[in-house]
There are 2 protein chains.
Amino acid sequence: MRSKQPTIWDIAIKLNVSISTVSRALRNAPDINPETKKAVLDLAHQLDYQPNTIATSLRKNKTDIIGVMVPEFVHAFFPSIILGIQEVANAAGYKVMVMQSGESLEIEKHNLQAMVSSRVDGLILAITRETNDYEHIISAQRKGLPIVFFNRVVDELQGSKVMVDDYKGAYIAVQHLIQTGCRRIAHLAGPENMTIGRNRLNGYLDALKAHQVPIEDELIMHCDFVDGRARACTQRLLTMENRPDALFAVNDPTAIEALICIRENGLSIPDDIALAGFSNAPHGAFVTPSLTSVVQPIHEIGGLAAQLLLRQIKAPQQFIPETHVLDTTLVIRQSTRAKPE
Amino acid sequence: MRSKQPTIWDIAIKLNVSISTVSRALRNAPDINPETKKAVLDLAHQLDYQPNTIATSLRKNKTDIIGVMVPEFVHAFFPSIILGIQEVANAAGYKVMVMQSGESLEIEKHNLQAMVSSRVDGLILAITRETNDYEHIISAQRKGLPIVFFNRVVDELQGSKVMVDDYKGAYIAVQHLIQTGCRRIAHLAGPENMTIGRNRLNGYLDALKAHQVPIEDELIMHCDFVDGRARACTQRLLTMENRPDALFAVNDPTAIEALICIRENGLSIPDDIALAGFSNAPHGAFVTPSLTSVVQPIHEIGGLAAQLLLRQIKAPQQFIPETHVLDTTLVIRQSTRAKPE
DNA sequence: TCTATTTCCGATAACGTTTCCGGTAACGTT
DNA sequence: AACGTTACCGGAAACGTTATCGGAAATAGA
C-alpha cells in the first residue's frame, strides 16, 4: 500500500518539460526561465515533493552527513557535546548521525564500518575505553574519511583532536584538597592507555610532589570508566588500615559512585573524606553534598570539533591536523572542606 | 587527495569477471562457483572493499535505517529509551539515526523533512511540547512512512503508540502523599494538550477526590516541561498565604527544580513539604533527599517501540496500529514522609 | 541583413549497486 | 545423436538525481 513518492520525473511529465529543467528549477540553477521555474516549484509543493537525497548523494559523491560516535550517552556529558556539534553542523547544512559504541570495541568497529559504508562525509569520534587496536580507524582514514577525535584521545592516531587541559584540572583539584588539609589523597583513575587518564594521573602526581605529599601507590586505583568498579575500589580504600582522607575521581560518574559508597559506610563528606571529581555534567550540583569538580567547556568542545571537521571536509588537501586544548577550572562545592584561613 | 574507494567494478576488472558475478559473490547468491566466489571475497578483503550502501539503498528502495527523533537528550530519559531502540534495531540489521528537535516545532518539521528525504524506513518519534499542528507528521505518513509514537502521544495522530500508565502512576503517587498525612497537595503539571499531561493531571485529581481531599485550582501549576518554569511556579506556591504541604511534579527534572527551590527557601523536605516526581531517570536516587518517584520501564519502552516499528516496516499492508500501555509503580524514598501506622 | 551572443532547454551519461533475462558449456538422459 | 538440465556467468536496465554538452530560438550588435 506504500504510495511511491513523487520524483522529478513525475513533475517533468505533468509540466511537459524535461527532468533537466525540473532539476534546474529545484536547485535554483541560473539558466532557467523564471516562469517555468515558478511552475515547477508550485507543482513540487503541491505534490509535496521531497528530493531523494540518496540519489543526490550517489550522484554528488557526498552525503552532507557527519557521523558522531560516542561510548555512551546516558550520562549528560556526551549528549551535551553532541548538542554543540549539531548546532554548527546544522548551521552549515549538514545532518548528524549519532551512534554509540557502548564502550565495546567490537561495536565500535561495526559502527565504523557502517559509517564508512553509508559514506558519511566525516566523523567525530570518542573511542571506547577498550580500544587498544587502531587498525579499523586508520583504515577508515586511509579511505579518505576525515576524523576528529575528542575527549578520548590517543597519541597513536593522527588527525585533529579536541581535548581539555586534563593535567591542569587534576592539578588544581588535588592542590585544593591539599590546601584544605588533606594528606592521604587517593585517586580513582582512568585507563592508562588514554591520554585523558594519563594526564589526570600526572596532574594528581605532580600536585602531590609540588606540595611534598608522599605518593603511595596503593592509593591509586584504576577504575577505567567501568560501571561499578569505582564503588568496589572505594570500598577497598575505606577498609584500609590507614584510610585516605580525600578522593580525587577521574570523572563525575566515578565520583558519584564513590559518594554513594562513602555514604553507605556511614562516613561523612567532607569531614571524614573529602571528594573531588572531574566534571562530565551539571548533575554534580544536585547530589548532596554537592560535588567539588573540575569543569570543562562541554558545549565548546562539540562546536570546535565540528568546526575542525567541516574545515577538513571542505579542503581535505591543504588540511593540517590541529590539536586544541581547552581550559579547565575548579568549582568548589560542599564535598571538600572550605579553605582554612 | 581523497583516495576513491574501490567498487565492484575494480574487483570485476582485476578478476576478469563481470560485475554481476562480483555482486553475486558479495551477497552470497546461490548460482556462483565457490572458487570464483572465494576469489572475489579474498580480493574484496584485500582491497578493504566496503559496499556503497547509498547505491544499494537507491537500487533496493530501502535504507535499513530507522530514524529516531526526541525533544532533547541531555536528561537521561530519552537516551535510555534510544538504547533500547538500538538494541532491537541493530539485532534486526537496522541502523539508527538519532535527531533531536530541541523542543522546537520548527526544528521538528525540518528534521522530519530531512528524514523523509533520506528515505529512512521508519520513524520513532516523541513530539515537541509545542507541537500542536500535525500536518507535517500526517504528510510523512501519507508518503507511506511508518511512524511509532512514544511518551509524548496525542489523540489526533494515528499509528502505533507506546506509553506508560500515567494515570495510575500519578494516582498512586498522590495517594501515597495523602496517606502520609499531606492535605494541600500542589501539582506541577505538564502540557494539557498532550495525553501524558492530561493523564497525570487526572490521576492527581482522582486521587484527591477518592480521598475526599478538596481540589484547589490555584494549586495546579502548568510548567509544561519548560526549563526554569518549575522553579518559578514553586516559588509562587511557597509564598502563598496558605502554603501547600506537598508537591507532585509531572516529571523528575521538574521535581528537581522544585527541590532546589524549596531548599533555597530554607524549608525542609519532607517535613515542611513532601515531594514526589515521575521518574525520567535513575538520577532521582542521587539527590538529597532522594526522590520519591513513579518509575516506568524505560528500557522496555524503546525496545517495544522498535519492535512495533519493524513489524510495520516489514508488513505495511496488513499492519494495524497498536497502543501499548506499560505499567508504572511507585518507589518511595526520602522526599516523602514514611507511612504512618 | 547577417552574424554574434545570450537565454533557455533537452538529451544523455554518469554515480554504484541489484536483478532480470539470457546464453554458453558441460553433463546426463533417452 | 539429439535433447533437456544444470551450473555458472555476462549484458543491460533500473533506482533518482546532477552535470556536461550542444542546440534552438531569441536577442543584440554591426
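We name chains A, B, ... by the order of the sequence lines, and we start the count at 1 in each one.
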> Using a cut-off of 4.0 Å on non-hydrogen atoms, how would the nucleic acid contact of A:Ser57 be classed: base, sugar-phosphate, or nothing?
Replying inline: nothing
>> Among B:His110, B:Gln141, B:Glu108, B:Gln113, which residue satisfies the side chain to side chain donor-acceptor pair (under 3.5 Å) criterion with B:His136?
In response: B:Glu108
>> Side-chain N or O of A:Arg24 versus OP1/OP2 of D:dA19: is the shortest distance under 4.0 Å?
In response: no
>> Between the base of D:dG16 and the side chain of A:Thr56, is one N or O donor paired with an acceptor at under 3.5 angstrom?
In response: no
> Would you say A:Asp31 has more than 12 foreign heavy atoms packed within less than 6.0 Å of its CG?
Replying inline: yes
>> Regarding A:Thr53, tell me which of base, sugar-phosphate or nothing describes its non-hydrogen contacts under 4.0 Å with the strands shown.
In response: nothing
>> Between D:dG16 and B:Arg119, counting only base atoms on the nucleotide and side-chain atoms on the residue, is there a donor-acceptor pair under 3.5 Å?
In response: no
> Closest approach of A:Pro51 and B:Arg119, non-hydrogen atoms and distance?
Replying inline: O-NH1, 3.6 Å
> If pairing requires Watson-Crick or G-U wobble contacts with both distances under 3.5 Å, which nucleotide is the partner of C:dT30?
Replying inline: D:dA1
>> Nearest to the side chain of B:Asn33, heavy atoms from C-beta on, is which of D:dG16, D:dG10, D:dC8?
In response: D:dC8
>> Quick check on A:Glu35: does its CD atom have over 12 non-hydrogen neighbours (other residues, nucleotides or ligands) under 6.0 Å away?
In response: no
> Across the strands shown, which category fits A:Ile8 at heavy-atom distances under 4.0 angstrom: base, sugar-phosphate, nothing?
Replying inline: base
> Of all the nucleotides listed (C:dC15, D:dT17, D:dG10), which has the minimum atom distance to the side chain of B:Thr21?
Replying inline: D:dG10
> When we call it a touch if two heavy atoms are under 4.0 Å apart, what does B:Asp31 touch: a base, just sugar-phosphate, or nothing?
Replying inline: base
> Which whole-number value in Å describes the distance from A:Glu35 CD to C:dC9 C1'?
Replying inline: 14 Å
> Given D:dC9, is OP1 or OP2 found less than 4.0 Å from the side-chain N or O atoms of B:Thr36?
Replying inline: yes
> Taking CD1 from B:Ile19 and P from C:dC15, how many angstroms apart are they, rounded to a whole number?
Replying inline: 11 Å
>> Before you tell me yes or no, could you show the steps for B:Arg24 and B:Ser20 under side-chain hydrogen bond (donor to acceptor under 3.5 Å, both in side chains), namely the whole-Å CA-CA distance, both residues' side-chain angles and the distance that decides it to 0.1 Å?
In response: CA-CA 6 Å; B:Arg24 265 188 283 259; B:Ser20 318; 4.7 Å; no
>> If you assign each of B:Pro34 and B:Lys60 to its closest nucleotide in DNA chain D, which residue comes earlier from the 5' end?
In response: B:Pro34
> Rounded to the Å, how far apart are B:Ile11 CD1 and C:dT17 C1'?
Replying inline: 12 Å
>> Determine whether a donor-acceptor pair (one donor, one acceptor, N or O, separation below 3.5 Å) exists between the side chain of A:Ser18 and the base of C:dA11.
In response: no
> D:dG16 phosphate, OP1 or OP2: any side-chain N/O from A:Tyr49 under 4.0 angstrom?
Replying inline: no
> Roughly how many Å is it from CH2 in A:Trp9 to C1' in C:dG10, rounded to a whole number?
Replying inline: 12 Å
> Between B:Ile13 (CD1) and C:dG16 (P), how many Å, whole number?
Replying inline: 12 Å
>> Tell me if the CD atom of B:Glu322 is crowded by more than 12 foreign heavy atoms within 6.0 Å.
In response: yes
> What integer distance in Å separates B:Asn52:CG from C:dA14:P?
Replying inline: 18 Å
> Rounded to the Å, how far apart are B:Leu15 CG and D:dC8 C1'?
Replying inline: 15 Å
>> Just to be sure I understand the rule, does A:Thr7 reach a base, reach only the sugar-phosphate, or reach nothing, if contact means heavy atoms closer than 4.0 Å?
In response: sugar-phosphate
> Between A:Gln50 (CD) and D:dG16 (C1'), how many Å, whole number?
Replying inline: 14 Å
